[in-house]
Amino acid sequence: MTTLVQTLIDGVALGSLYALIALGYTMVYGILRFINFAHSDIFMLGAWFSCTIAGLLGWAVGTPPTWAFIVVLLAAMAACGLLGFIIERLAYRPLRSAPRINVLITAIGVSLFLENFGQLPKIFGNTPTKMPALIPDIALGSFAGVRLSLVNLIVIVVAVVLMGALEWLIYGTKLGRAMRAVSYDTKTAALMGIDVDRVISITFVVGSALAAAAGFLQAAKIVAVQQPAHVSWVQLGLKAFVAAVIGGIGNVRGAMIGGVLLGLVEMLGGAYLSSELRVVYVFTMLILVLLLKPEGLLGKTTVEKV
Amino acid sequence: MALLEVQDLHVHYGAVHALQGISFTVEEGQVATLIGSNGAGKSTTLRTISGLVRPSSGSIRFDGQHIGAMAPHKIVRLGIAQSPEGRGVFANLTVHENLEIGAYTRNDRAEVARDRERVLHLFPRLRERLKQLSGTLSGGEQQMLAIARALLARPRLLLLDEPSLGLAPQIVKTIFQIIREINESGTTILLVEQNAHMALRAANQGYVLEVGKIVLADDAHKLSQSDEVRKAYLGIS
Ligand SMILES: Nc1ncnc2c1ncn2[C@@H]1O[C@H](COP(=O)(O)OP(=O)(O)O)[C@@H](O)[C@H]1O
Ligand SMILES: [Mg+2]
């Protein structure tokens, strides 16, 4: 029982990270119908910006104020949001009417660029950086052996708040309505007076900011932030992509549910079967979903549009 | 001066020369129609006016202003709204949300609410379905929604691309009745149709488009009496 509750907490915390990243994949796919391979690098850069910004603000040593993490979180989100905006503008917008494969290859190029450029000595370097202890590693309480750490609580709370805000943006605002219209049919959306390019820009900014939040939270959970191209980032980003596919790529609520579900499966498998095989559970789940419901849990069977 | 003036307009899709120098005008307050068979270039004409397709050469003037190189969303703000071919309703949005999107460019909430009432009065069937996803509507209802949505932009010029397409004769009649009512309340209309019979009855001015060229232009009533149109488009020999 103790293990189960602990595993559920850890699973939801991990799944929240997947969900935050998956949202960016799914939002971009929903509008432009391509997989933004550079998205997991934005997530990684979110962590790196967090370290750098915290260092610049002098919070790398001593005990930073309790609210410091909010400042760093928001700053990293802003930095990655801006980066997402620039990437879309420079790399993807010129290819708007090009075949989708060109855009896909460009996305891989952007991804490789970010990973390798980031390792230059004057940028982030290629030695692991220590993330300042913005969130102290303390347990809020231990009940019958179940440990709820402050970090996990913050991960879950931040994820829930951000996803709530996104849900409100997409389903409760005029901008969100325009995003859904653009995602359904770009040309007709333009006929309604919607500035489609602006909506696409905003989509990249929002998706990148969410990935940055995940990057911050992941950095807050681990001690040392590995260099950009490190396999741990690539793998986490890849799993988040799997979460987006499981939920139904293009579907925002699907990405949230897919993320949390994947985190739970991974942690439950790790706790009760073998912790060596966590990646296997993730891909087994992907294969099962693709076999039983290829369009994803919340995805709709869509006819490819011309 | 005409509300819309198209002069020597050429449009290419790659190697396809879809519009080969067409010229026509739409007078303020009137209904003009562009009739022609499938592939003649009717939709291309409307898409070019709305800014979705760039002209290779020629000019489009709306109320005296050149709009040939303008972005689609800016053209809507100038006062041109379109109900596209195949209706283009956002199936993932409710009927209500589709109507809201139609008023996307407007910030006068009270006026929009009043216009929505007016439009729902024109299309009472939409009122009963406001909360439904518009993908669940019948073809006729989707056509009504597409027109209603365009009207909510409060356009001075309404572009209608084949509103009769694929609809039962009874519904076509209803829709053309409403098109006339819209025009009577002051909106200028450019109507594109394969259904020459209905279109020429609803219009003041008519143009016949054949493979990218305007081959006949006249008063709509006279056009419907002419031998060429009667033979080629009305099936009367
Ligand atoms: N996106 C496109 N790409 C290439 N050719 C097109 C495209 N759209 C239309 N065409 C061609 O342009 C011509 C005019 O088409 P269109 O304007 O759709 O005619 P209509 O609306 O009168 O049926 C046709 O020959 C059609 O095949
Ligand atoms: Mg057409």
Side-chain angles (χ1 to χ4, degrees), chain A residues 26-27 29-31 33 89 93-94 96-99 167-203 247-255 295-296 298-306, chain B residues 13-14 43 46-54 70-94 96-107 109 112 133-135 142 145-155 158-161:
Chain A
T26 229
M27 286 170 73
Y29 184 87
I31 287 192
R33 301 289 185 278
R89 239 356 214 277
R93 187 171 299 183
R96 195 78 91 227
S97 48
E167 179 86 11
W168 169 76
L169 173 74
I170 292 182
Y171 295 98
T173 69
K174 186 170 167 176
L175 175 64
R177 211 185 293 128
M179 290 168 108
R180 283 181 288 144
V182 171
S183 137
Y184 186 77
D185 179 348
T186 319
K187 290 213 167 84
T188 306
L191 288 181
M192 301 297 115
I194 296 169
D195 184 346
V196 172
D197 280 335
R198 187 169 152 268
V199 169
I200 292 174
S201 280
I202 294 173
T203 305
I249 188 112
N251 186 306
V252 167
R253 286 172 187 161
E295 69 277 13
L298 296 192
K300 292 193 185 66
T301 18
T302 46
V303 184
E304 188 76 5
K305 278 184 294 191
V306 265
Chain B
Y13 294 106
S43 299
L46 293 195
R47 285 201 287 263
T48 312
I49 295 170
S50 281
L52 290 177
V53 176
R54 293 262 155 264
M70 219 177 254
H73 66 273
K74 292 192 177 140
I75 292 174
V76 178
R77 282 175 197 271
L78 284 184
I80 302 181
Q82 182 178 160
S83 158
E85 185 177 68
R87 298 134 200 166
V89 301
F90 299 108
N92 59 334
L93 268 58
T94 63
H96 173 75
E97 286 177 321
N98 267 275
L99 294 174
E100 292 275 302
I101 286 272
Y104 183 80
T105 52
R106 299 172 57 185
N107 293 314
R109 297 304 304 168
V112 170
L133 281 182
S134 47
Q142 289 193 9
L145 178 57
I147 298 174
R149 187 180 61 178
L151 281 176
L152 276 169
R154 198 182 257 195
L158 176 64
L159 310 177
L160 299 174
D161 197 343

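Within every chain, numbering begins at 1; the chains are lettered A, B, ... in the order of the sequence lines, protein sequences first and strands thereafter. Below, all heavy atoms of this structure are taken into account, side chains as well, without hydrogens, waters or symmetry copies.
- A:K187 NZ to B:Q82 CD: the interatomic distance, rounded to the nearest 0.5 Å, is 12.0 Å.
- Note that CG of B:L93 and CG of A:D185 are 11.5 Å apart. Values are rounded to the nearest 0.5 Å.
- The two atoms that bring A:M192 and B:T105 nearest to each other are O-CG2, 4.0 Å, heavy atoms only.
- Here the CG-OG1 distance, from B:N98 to A:T188, works out to 10.0 Å after rounding to the nearest 0.5 Å.
- By the side chain to side chain donor-acceptor pair (under 3.5 Å) test, B:R106 is found to be paired with B:D108, B:D115, residues two or more places apart in sequence or in another chain being considered.
- Atom CZ of A:R198 is surrounded by 12 or fewer heavy atoms from other residues, nucleotides or ligands within 6.0 Å.
- The minimum heavy-atom distance linking A:G193 with B:V76 is given by the pair N-CG2, 3.5 Å.
- There is no contact between B:A146 and chain A, counting heavy-atom distances below 4.5 Å.
- Under the 4.5 Å side-chain criterion, counting only non-hydrogen atoms from C-beta, A:D197 is not in contact with B:H73.
- Interatomic distance, OH of B:Y104 versus CZ of A:R177, reported as 9.5 Å (0.5 Å rounding).
- Counting heavy-atom pairs closer than 4.5 Å to chain A, the top-ranked of the candidates B:A150, B:G51, B:A71, B:A91 is B:A91.
- Closest heavy-atom contact between B:N107 and A:K174: OD1-NZ, 3.7 Å.
- Heavy atoms closer than 4.5 Å to chain A are found nowhere in B:R47, neither backbone nor side chain.
- A search for side chain to side chain donor-acceptor pair (under 3.5 Å) contacts involving B:S43 returns B:E85, B:D161, not counting sequence neighbours.
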